[in-house]
*Asks:* 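Below you'll find the structure I mean.
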There are 2 protein chains.
Amino acid sequence: MDTNLTGGAGTYDVSAFDRPSVAVDVAAITARGDRLHILLVRRGVWPFEGRWALPGGFVKMDEDLDTAAHRELCEETGVAGASYLEQLYTFGAPNRDPRTRVISVAYYALLPGPDSALRREGRAMVACEPEAGTDAAEARWWPVDSLPPLAFDHNAIVATALSRLRAKLGYTSVAYALLPEEFTLTELQRVYEVILAQELDKRNFRKKMLAAGILDTVPRQKREGAHRPAQLYRFTKREAVFLDD
Amino acid sequence: MDTNLTGGAGTYDVSAFDRPSVAVDVAAITARGDRLHILLVRRGVWPFEGRWALPGGFVKMDEDLDTAAHRELCEETGVAGASYLEQLYTFGAPNRDPRTRVISVAYYALLPGPDSALRREGRAMVACEPEAGTDAAEARWWPVDSLPPLAFDHNAIVATALSRLRAKLGYTSVAYALLPEEFTLTELQRVYEVILAQELDKRNFRKKMLAAGILDTVPRQKREGAHRPAQLYRFTKREAVFLDD
DNA sequence: AGTAGTATGTGTGTAATGGACACTAACTTG
DNA sequence: CAAGTTAGTGTCCATTACACACATACTACT
């Protein structure tokens, strides 16, 4: 292998450089009940042994970063098939890891809540229930408003993920990723309320959503409980599209 | 050194992993004349010898990523004191570099244009004129709408930088970083027009900017050419603040 | 001194958007 | 059939976004 390496135009001998380790960490987010939750694993080894941390691990030499994020999420928590995964930010402070230099490419993932119709109907099942993976002592969903102190700089990563999600909610249709394929407008509204942490007006919300042209009516209703049944909708595209076009 | 490394909770022996190299690449942007320009260096070595590339290079073991970005920009192009520097995205496709696995943390930097009052007044001088650095054969500003094919995936990095800049222009005051300390409203408008690549209405633009409350009037005018002199302004804060508060 | 040239600077009217706000409809359960 | 519960709907008002045209203040030339 040629060891003449540079990102720019010069010449270096690779052996002259110690290389940092490169990891991915994933903030997997879901909405259950009326709070957002984050998936954490409990560390079994030093450093931060016993502390909770985001699932994550080292990137393999021939592996794409996105692939590594999916893989680590699955390996450490048993959660597969995140409906949305986006790179968030790369955290690289020299001492963020007490062992050695570790540069972490952080991702956030969105998963439909546990009450999802997908799950109830038992088809196209997505694995959302965590189970401790090969590397993790324990895996659990934690409500974001009462997180324990996390290992490394993971509290900062979570904060970044939440603020990014809040921002994207405003100008894209990412919300699809937190909902089952079919849902009622009330369920959609709750997702918005949970993320934004504020109540929204029902009439204005419905007006805006329907006007955005990202929803299709499905010819079916959801009847549940002693009240009027609700119309079901689905997103026209199961991907994050920009609104306002 | 302890070699028990994991981003999550498990146990690995570092020696079992080949580590990728980690680089930073910087898309330095400025507005000169009526076009945006990007600072490129010409590569002197394989691969992509002779091709133009973004300035960049490897991150040192005990160096912050932001620091590395500043350093590489300066070392390779002689351009110091970027008024804004922000991490953009991390590019990590396994074969983006033909030599070995290189993960690149991309940044974009903004610099005031060459007509800056700072430069004309000769104080607080910022080095904006490129000169080939130790590692670069040649360094030059290129208009973004007629870039040559770049080395590696650098065309994609530039595209990402431009779209991020366009987006941020809409909800922050980043424009400050492309202007000298004092400027006229017309100069400010041109910066917007150049970035958005469309003409704006003068009256609406001025109304909006003044209403945003991010500008201070300076008790001085700019007289230049055979026409009415223009009021000078400065940004209340020389940092990117969110509008609409 | 006056005139031509050039970029600065200013206000109004109209359309679109965002937000507040209260009642009827349709179902289930007892 | 009555009580309980959630679904579903429309108007008014305030703010914002956008289109649009002319007087002002200087320089340079004759």
Side-chain angles (χ1 to χ4, degrees), chain A residues 33-34 113 115 117 120 166-167 169-172 179-180 182-194 196-234 242-245, chain B residues 33-34 113 115 117 120 166-167 169-172 179-180 182-194 196-234 242-245:
Chain A
D34 50 5
D115 300 316
R120 275 204 315 286
R166 263 187 276 272
L169 201 65
Y171 62 90
T172 70
L179 287 161
E182 300 182 355
F183 51 86
T184 68
L185 285 182
T186 301
E187 289 167 344
L188 179 59
Q189 183 173 345
R190 282 225 206 296
V191 165
Y192 273 73
E193 290 175 334
V194 163
L196 301 176
Q198 66 174 351
E199 296 201 341
L200 301 173
D201 179 82
K202 197 206 291 195
R203 281 170 294 188
N204 293 336
F205 180 82
R206 295 161 100 91
K207 208 192 313 172
K208 195 163 83 171
M209 280 299 148
L210 295 173
I214 54 174
L215 300 181
D216 292 334
T217 307
V218 345
R220 194 144 27 107
Q221 294 184 323
K222 173 171 184 172
R223 33 180 19 76
E224 176 192 57
H227 55 81
R228 180 173 177 173
Q231 181 61 238
L232 285 168
Y233 294 85
R234 64 165 50 131
F242 287 79
L243 306 181
D244 202 29
D245 298 324
Chain B
D34 50 4
D115 300 315
R120 276 203 315 283
R166 263 187 275 272
L169 200 65
Y171 61 91
T172 71
L179 286 162
E182 300 182 355
F183 51 87
T184 68
L185 285 182
T186 301
E187 288 167 344
L188 179 59
Q189 183 174 345
R190 280 226 207 295
V191 164
Y192 272 75
E193 289 175 336
V194 162
L196 301 176
Q198 66 174 353
E199 296 201 342
L200 301 172
D201 179 83
K202 197 206 290 194
R203 283 170 292 188
N204 293 334
F205 180 81
R206 296 161 99 90
K207 208 189 315 173
K208 196 163 82 171
M209 280 299 149
L210 295 174
I214 53 173
L215 300 182
D216 291 334
T217 308
V218 345
R220 194 145 25 109
Q221 295 185 323
K222 173 171 185 171
R223 33 181 18 79
E224 176 194 57
H227 55 80
R228 178 172 179 173
Q231 181 60 238
L232 284 168
Y233 294 85
R234 65 166 49 133
F242 287 79
L243 306 180
D244 202 29
D245 298 324

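Chain naming here is simple, since letters A, B, ... match the order of the sequence lines and numbering starts at 1 in each.
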*Asks:* In whole Å, what is the span from the CG atom of A:Leu210 to the P atom of D:dG10?
*Replies:* 12 Å
*Asks:* Nearest whole angstrom, please: distance from the C1' of D:dT6 to the NZ of A:Lys222.
*Replies:* 12 Å
*Asks:* What are the two closest heavy atoms between A:Ala230 and A:Thr184, and how far apart are they?
*Replies:* CB-CG2, 3.6 Å
*Asks:* In whole angstrom, what separates A:Phe205's CZ from D:dT6's P?
*Replies:* 18 Å
*Asks:* Which part of the nucleic acid, if any, lies within reach of B:Thr184 when heavy atoms closer than 4.0 Å are counted: base, sugar-phosphate only, or nothing?
*Replies:* nothing
*Asks:* May I have the distance from A:Leu200 (atom CG) to C:dA20 (atom P), rounded to whole angstrom?
*Replies:* 10 Å
*Asks:* Write down the atom of B:Tyr192, the atom of B:Thr172, and the distance for their closest heavy-atom approach.
*Replies:* OH-O, 4.2 Å
*Asks:* Answer yes when A:Glu182 and A:Lys222 have at least one side-chain N-carboxylate O distance shorter than 4.0 Å, and no when they do not.
*Replies:* no
*Asks:* Is it true that B:Tyr233 and B:Phe183 have ring centroids separated by less than 6.0 Å?
*Replies:* no
*Asks:* Which atom names give the shortest non-hydrogen contact between B:Leu200 and B:Glu193, and what distance separates them?
*Replies:* N-OE2, 3.0 Å
*Asks:* What is the distance, to the nearest angstrom, from the CD atom on B:Gln189 to the P atom on C:dT10?
*Replies:* 14 Å
*Asks:* Has A:Thr186 got a side-chain N or O lying under 4.0 Å from the OP1 or OP2 atom of D:dT6?
*Replies:* no
*Asks:* Quick one: what's the B/S/- string for nucleotides 19-29 of chain D, heavy-atom cutoff under 4.0 Å, read 5' to 3'?
*Replies:* BBB--BBBB--
*Asks:* Nearest-Å distance, CG (B:Leu232) to P (C:dG9)?
*Replies:* 9 Å
*Asks:* Without decimals, in angstroms, what is the distance between A:Lys208 NZ and D:dT9 C1'?
*Replies:* 18 Å
*Asks:* Can you see which heavy atom on A:Val218 is nearest to which on A:Gln231, and at what distance?
*Replies:* O-OE1, 2.6 Å
*Asks:* What integer distance in Å separates B:Met209:CE from D:dC18:P?
*Replies:* 13 Å
